[in-house]
Amino acid sequence: MAFTVNDHLMMTRALQLAEQGLYSTMPNPRVGCVIARDDKIVGEGAHLKAGESHAEVFALKQAGAQAKGATAYITLEPCSHTGRTPPCVETLVSAGISKVIAAMQDPNPQVSGSGLAHLQSHNIEVAMGLMENQARALNLGFISRMTRQLPFVRCKIAASLDGKTALKNGASQWITSEAARLDVQHWRARSCAILTGAGTVQADDPGMTVRELQVNRQPLKVIVDSQLQISLKAKILQNGNALVAFSQTNKKKEAKLLATGAELLCIPNNDGKVCLKTLLSHMASREINEVLVEGGEGLNGALLAQNMIDELLIYYAPKLMGGAAKDMFAMPEFTSMNQAIALEVLDVRQIGADIRLRAKLHQTL
């Protein structure tokens, strides 16, 4: 169907409402809903936290009796199954909604078209696809977990203009400006987990927590540490909420790490290193939607080589660090331009003195 200017305005507002749950809805998707009657909003709502009411419920409650005969604009197909909350399709039917416009189909196989079909069976007009790209961008992690059984992996890198991430001696603080480092906090806050390597922990002793922002949860801190070399005093282990993935057993060190409150996961691959595919699958099984990688060239290179990076988030500082400094990725030498990895640039903007570039690999979502 052809969508009107007003349809676009209403869905734009629904998307703005969905963004309110950017840091808090995990593992659920971010969803917004607008109830409109005679081209005017009579109710609106957003899903903000798993276990709490969905966006449709809040919007219908605000609309009250005006919902009868109205149109509901929803950023995601309404659910048709009972999870932590009752199915939203029943609530929409009971309220007397006459039309539902959804931005996109729910990738959850428990729903995936059945929500709209249920509404149609109750003589409610339905349409889908309005501003779908914007709706998908809000829930790339949820879509990935539902369709690939893997989280969406975003790799954050701070680099000089010549593509270097640390000096040869390991020094890297600080390449980028304070403004860029604050911007990173927003990407941490929207992520379910932060993934790093033992080398980064040893070199920088990062905390890997969300700072400067008011959030009701901290992402899980995941450390790839094949030989369990991490110091028991490392900041990343403080306050628990840490998972150490390893491949070579060391019972004494394992016991000490468990005593810090860390979780341990032994997942060796055939090379005696941590199996990254198994690690990501494990995260998905824990309902982790988005992963932010904050590692060094070794972890970045391993993920890239195995096609496990969906998006690059690179902060370029106006500095040159020289040829001997460390690269973004540990990669083999290419001998042909056909081997070059193609990227699609999504966004480029200035953050303080730095340039932030977002790009996706062509084979990803």
Audit row: L264, L257, side-chain contact (heavy atoms from CB on, under 4.5 Å) steps and yes/no: CA-CA 8 Å; L264 298 180; L257 283 169; 4.0 Å; yes

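- A side-chain donor-acceptor contact under 3.5 Å links E90 and H118.
- Residues L150 and R145 form no side-chain contact, since every pair of their non-hydrogen atoms from C-beta on lies 4.5 Å or further apart.
- In this structure, CD1 in I230 is found 12.5 Å from CZ in F246, a value given to the nearest 0.5 Å.
- The pair D327-K164 meets the salt-bridge criterion, since a charged nitrogen lies less than 4.0 angstrom from a carboxylate oxygen.
- Atom CD of Q214 sits in a sparse spot, with 12 or fewer heavy atoms from other residues, nucleotides or ligands closer than 6.0 Å.
- Grouping the Ile, Leu, Val, Met, Phe, Trp and Tyr side chains by contacts below 4.5 angstrom, directly or via other members, places V222 with I309.
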Derivation of the side-chain contact (heavy atoms from CB on, under 4.5 Å) call for F3 and H8: CA-CA 7 Å; F3 297 111; H8 281 85; 3.9 Å; yes

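- Salt bridge present: D310 and R148 bring a charged side-chain N and a carboxylate O closer than 4.0 Å.
- The structure places CD of E311 at 4.5 Å from CZ of R154, a figure rounded to the nearest 0.5 Å.
- With a 4.5 Å cut-off on side-chain heavy atoms, T75 and L17 do not count as touching.
- At least one donor-acceptor pair closer than 3.5 Å links the side chain of Q149 to the backbone N or O of M146.
- When all heavy atoms of V215 and A189 are compared, the closest pair comes out as CG1-CB, 4.0 Å.
- A pairwise comparison of heavy atoms in L116 and E77 identifies N-OE2, 3.0 Å as the closest pair.
- The closest side-chain heavy-atom distance from S191 to V291 is not below 4.5 Å.
- Side-chain contact between T71 and V100 is absent, with no heavy atoms from C-beta onward closer than 4.5 Å.
- Between the side chain of K168 and the backbone N or O of G323, no donor-acceptor pair lies under 3.5 Å.
- The only option from L243, L303, I223 that meets the side chain to side chain contact (heavy atoms under 4.5 Å, CB included) definition with L195 turns out to be L303.
- No path of Ile, Leu, Val, Met, Phe, Trp and Tyr side chains, each step under 4.5 Å between heavy atoms, connects L228 with V274, placing them in separate hydrophobic clusters.
- Sparse packing is recorded around CG of D38, with 12 or fewer heavy atoms of other residues, nucleotides or ligands lying under 6.0 Å away.
- A 4.5 Å side-chain heavy-atom check between R356 and V348 finds every atom pair outside the cut-off.
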Derivation and outcome, side chain to side chain donor-acceptor pair (under 3.5 Å), residues N216 and Y23: CA-CA 8 Å; N216 60 10; Y23 304 154; over 6 Å; no

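- Contact of the N133 side chain with the M104 side chain is not registered, since no non-hydrogen atoms from C-beta on lie closer than 4.5 Å.
- Although no hydrogens or angles enter the test, the distance criterion places no donor-acceptor pair under 3.5 Å between the side chain of S247 and the main chain of P268.
- Taking a 6.0 Å sphere around CG of D205, one finds it holds more than 12 heavy atoms contributed by other residues, nucleotides or ligands.
- Checking side-chain atoms of Q185 against main-chain N and O of L182 turns up no donor-acceptor pair under 3.5 Å.
- A salt bridge links E263 with R286: at least one charged nitrogen is closer than 4.0 Å to a carboxylate oxygen.
- Heavy atoms from other residues, nucleotides or ligands lying under 6.0 Å from CD of Q202 number 12 at most.
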Derivation of the side-chain contact (heavy atoms from CB on, under 4.5 Å) call for D225 and V201: CA-CA 10 Å; D225 185 6; V201 174; over 6 Å; no

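- Every residue two or more places apart in sequence or in another chain was checked for a salt bridge (Lys or Arg N to Asp or Glu O under 4.0 Å) with E19, and none qualifies.
- Cluster membership for L276 and M331, using ILVMFWY side-chain heavy atoms within less than 4.5 angstrom, is shared.
- Taking both residues in full, the closest heavy atoms of G295 and N300 are given as O-ND2, 3.8 Å, listed atom of the first, atom of the second, then distance.
- One side chain, D354 or S177, offers a donor N or O that lies under 3.5 Å from an acceptor on the other.
- Between the SG atom in C266 and the CD atom in Q248 there is a gap of 9.0 Å [rounded to 0.5 Å].
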side-chain contact (heavy atoms from CB on, under 4.5 Å) between V126 and K99, intermediate numbers included: CA-CA 6 Å; V126 302; K99 184 177 182 179; over 6 Å; no

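- A salt bridge links K156 to E294: one of the charged nitrogens lies within less than 4.0 Å of a carboxylate oxygen.
- By the 4.5 Å heavy-atom criterion applied to side chains, H54 and V31 are not counted as neighbours.
- Across L312, L299, L361, a single residue satisfies side chain to side chain contact (heavy atoms under 4.5 Å, CB included) together with C155, and that is L312.
- Put simply, the side chain of D271 never gets that close to the backbone of K273: no donor and acceptor are under 3.5 Å apart.
- The side-chain heavy atoms of V224 and T196, taken from C-beta on, include no pair separated by under 4.5 Å.
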From CA spacing to verdict: side chain to side chain donor-acceptor pair (under 3.5 Å), T12, Q16: CA-CA 6 Å; T12 296; Q16 291 172 342; over 6 Å; no

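- A salt bridge is absent between K326 and E297: the closest approach of a Lys/Arg side-chain nitrogen to an acidic carboxylate oxygen does not fall below 4.0 angstrom.
- The two residues N108 and D106 make their nearest non-hydrogen contact at N-OD1, 2.8 Å.
- Residues A36 and Y73 share a closest heavy-atom pair of CB-CE1, 3.8 Å.
- Taking every heavy atom of both residues into account, P318 and A353 meet most closely at CD-O, 3.4 Å.
- In terms of modelled atom types and a separation under 3.5 Å, the side chain of N269 and the main chain of G272 share a donor-acceptor contact.
- The CE atom of M283 sits 9.0 Å away from the CG atom of L265 when rounded to the nearest 0.5 Å.
- Of the possible polar contacts, none joining the Q134 side chain to the R136 backbone as a donor-acceptor pair under 3.5 Å is found.
- Side-chain atoms of T25 and N28 include no donor-acceptor pair closer than 3.5 Å.
- For the pair R30 (side chain) and L138 (backbone), a donor-acceptor distance under 3.5 Å is present.
- Distance CG/L346 to CG/L313: 10.5 Å, rounded to 0.5 Å.
- For D162 and K319, the salt-bridge test fails: no basic side-chain N is under 4.0 Å from an acidic carboxylate O.
- Panel note: side chain S94, backbone T91; no donor-acceptor pair is recorded below 3.5 Å.
- For K221, the side chain to side chain donor-acceptor pair (under 3.5 Å) criterion is met by no residue, not counting sequence neighbours.
- Cluster membership for M26 and L76, using ILVMFWY side-chain heavy atoms within less than 4.5 angstrom, is not shared.
- Within the model, atoms NE2 of H47 and OG of S24 stand 8.0 Å from one another, a figure rounded to the nearest 0.5 Å.
- Side chain of R358 to backbone of D347: no donor-acceptor contact under 3.5 angstrom is found.
- Under a 4.0 Å N-O distance rule, the pair D183/R181 does not qualify as a salt bridge.
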